[in-house]
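Here's the structure we're looking at; comments come further down.
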Amino acid sequence: MHSVESFGTHDGPGIRMVVFLQGCKLKCLYCHNPDTINTHGGEEYPIESLVQRAINMKSYFGRFGGVTVSGGEPLLQSKELVHFFQRLKEEDIHTNIDTNGRVLNHFTKELLDNYSDLVMLDIKHMREDGYQMLTGQKNKETTFNFAKHREASGKPMWLRYVLIPGITNTPELLHEMGNYFKDYKTIEKIEIQPYHKLGIHKWESLGWEYQLKDDRENTQEEIEEAVKILGNYFKEVKVN
């Protein structure tokens, strides 16, 4: 595990306890938590201690809050998360996974189908060349296969998408994403994150080069246009 945040308000519905797990197979150029990428970092933490911490926060969760597991990529530890989410559901606590959708093994399917009230799926790019450029890995189709599995389950899903001018924020790509997902019944909303450079200092502290330092942030007009386009395809578009 990397860290735990209490009272998260941007990681799913309501007030949430957010558990950040260590390790990710992607190295996204805009990652604002690069310190979670190393799969050999982090600390072991007893599941029951996390469950008790969540129980202690139940009065703050209210009707809509709960626990979100993020990262890094949490589904690299999907086997352990099955037990964690089992315990949370026994305590009637809402569960959510924030994932890039690259892991869809037996344990992940059990976690998704039986214990995950919500999934927030990060869409990195709609095209293979863009996906490889942004993440350093091949095959975006893993993400879409993940989305198909969640859709088939009939359980809620949110999409997340980072807007980078000229890279992910173009009308063509936004329409492409909308058309791809427009018939999905489980997608409750899409959250868009305007590009920012708040994580540069973390990259520098790790001794890594931040390759998007010369890329500009979105104008307000570009953000509004993206919301307008995506609004044609999704029930709700939220700007984080």
Side-chain angles (χ1 to χ4, degrees), residues 1-5 8-12 16-43 68-78 81 96-104 108 119-144 146-147 157-170 173-174 177 190-218 222-223 226 238-240:
M1 190 179 78
H2 177 272
S3 58
V4 179
E5 175 187 344
T9 56
H10 296 286
D11 299 275
R16 310 194 70 81
M17 183 178 105
V18 188
V19 181
F20 295 93
L21 299 188
Q22 185 73 32
C24 186
K25 297 298 186 181
L26 303 183
K27 192 176 182 180
C28 297
L29 297 184
Y30 54 74
C31 181
H32 59 272
N33 289 320
D35 47 322
T36 66
I37 293 176
N38 186 348
T39 55
H40 299 293
E43 299 179 4
T68 295
V69 180
S70 186
E73 173 45 55
L75 294 182
L76 293 176
Q77 300 183 52
S78 56
L81 286 177
N96 177 32
I97 299 171
D98 180 9
T99 177
N100 60 40
R102 286 186 62 86
V103 181
L104 193 59
T108 300
V119 168
M120 298 193 305
L121 179 61
D122 295 322
I123 305 299
K124 305 297 185 183
H125 202 285
M126 290 305 298
R127 300 175 185 171
E128 183 67 27
D129 57 346
Y131 186 93
Q132 291 185 33
M133 184 272 289
L134 280 177
T135 69
Q137 294 289 338
K138 296 180 179 179
N139 195 4
K140 72 181 189 320
E141 286 300 328
T142 53
T143 303
F144 296 143
F146 188 100
M157 174 168 57
W158 296 2
L159 300 185
R160 303 186 114 183
Y161 188 74
V162 177
L163 295 173
I164 309 173
I167 298 178
T168 61
N169 189 12
T170 68
L173 287 172
L174 296 176
M177 180 165 57
I190 180 169
E191 294 187 336
I192 55 177
Q193 172 65 63
Y195 173 65
H196 61 72
K197 303 181 182 181
L198 300 180
I200 289 182
H201 69 284
K202 295 183 181 180
W203 285 72
E204 293 173 345
S205 68
L206 292 167
W208 296 351
E209 180 186 0
Y210 187 81
Q211 297 181 37
L212 298 180
K213 59 180 177 293
D214 295 328
D215 286 71
R216 65 176 179 82
E217 298 182 353
N218 300 270
E222 287 171 333
I223 295 171
K238 180 184 176 184
V239 180
N240 278 343

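The analysis underlying the following values was restricted to heavy atoms, covering all of them including side chains, and did not include hydrogens, waters or symmetry mates. These figures come from a predicted structure and were not determined experimentally.
The two residues H125 and F144 have their closest heavy-atom pair at O-CZ, 4.4 Å.
Considering NE2 of H40 and CD of Q22, their distance stands at 10.5 Å, rounded to 0.5 Å. Taken to the nearest 0.5 Å, the NZ atom of K238 stands 13.0 Å off from the CD1 atom of I190. Interatomic distance, CD1 of I37 versus CG of D35, reported as 8.5 Å (0.5 Å rounding). Annotation: the span from Y30 atom OH to I200 atom CD1 amounts to 15.5 Å, rounded to 0.5 Å.
Of the possible polar contacts, none joining the T68 side chain to the G12 backbone as a donor-acceptor pair under 3.5 Å is found. With hydrogens and angles disregarded, no donor-acceptor distance shorter than 3.5 Å links the side chain of T36 to the backbone of L21. The backbone N or O of L26 sits nowhere less than 3.5 Å from a side-chain atom of N100 that would complete a donor-acceptor pair. Between the E73 side chain and the L75 main chain, a donor and an acceptor come within less than 3.5 Å of each other. With hydrogens and angles ignored, the 3.5 Å screen pairs no side-chain donor or acceptor of T108 with any backbone N or O of S78. With hydrogens and angles ignored, the 3.5 Å screen pairs no side-chain donor or acceptor of E222 with any backbone N or O of T170. Looking only at distances, no side-chain donor or acceptor of W208 sits under 3.5 Å from a matching main-chain atom of K202. For the pair K27 (side chain) and P34 (backbone), a donor-acceptor distance under 3.5 Å is absent. In this structure, the side chain of E128 engages the main chain of N139 through a donor-acceptor pair within 3.5 Å.
Residues V103 and L76 meet the side-chain proximity criterion, which asks for heavy atoms closer than 4.5 Å. Counting heavy atoms from C-beta on, the side chains of Q132 and K138 come closer than 4.5 Å. A heavy-atom distance below 4.5 Å is not found between the side chains of Y195 and I167. Side-chain contact between T168 and K124: absent, with no pair of heavy atoms (C-beta onward) separated by less than 4.5 Å.
A tilted orientation is assigned to the rings of H32 and H196, their planes being inclined by 30° to 60°.
Taking a 6.0 Å sphere around NZ of K213, one finds it holds more than 12 heavy atoms contributed by other residues, nucleotides or ligands.
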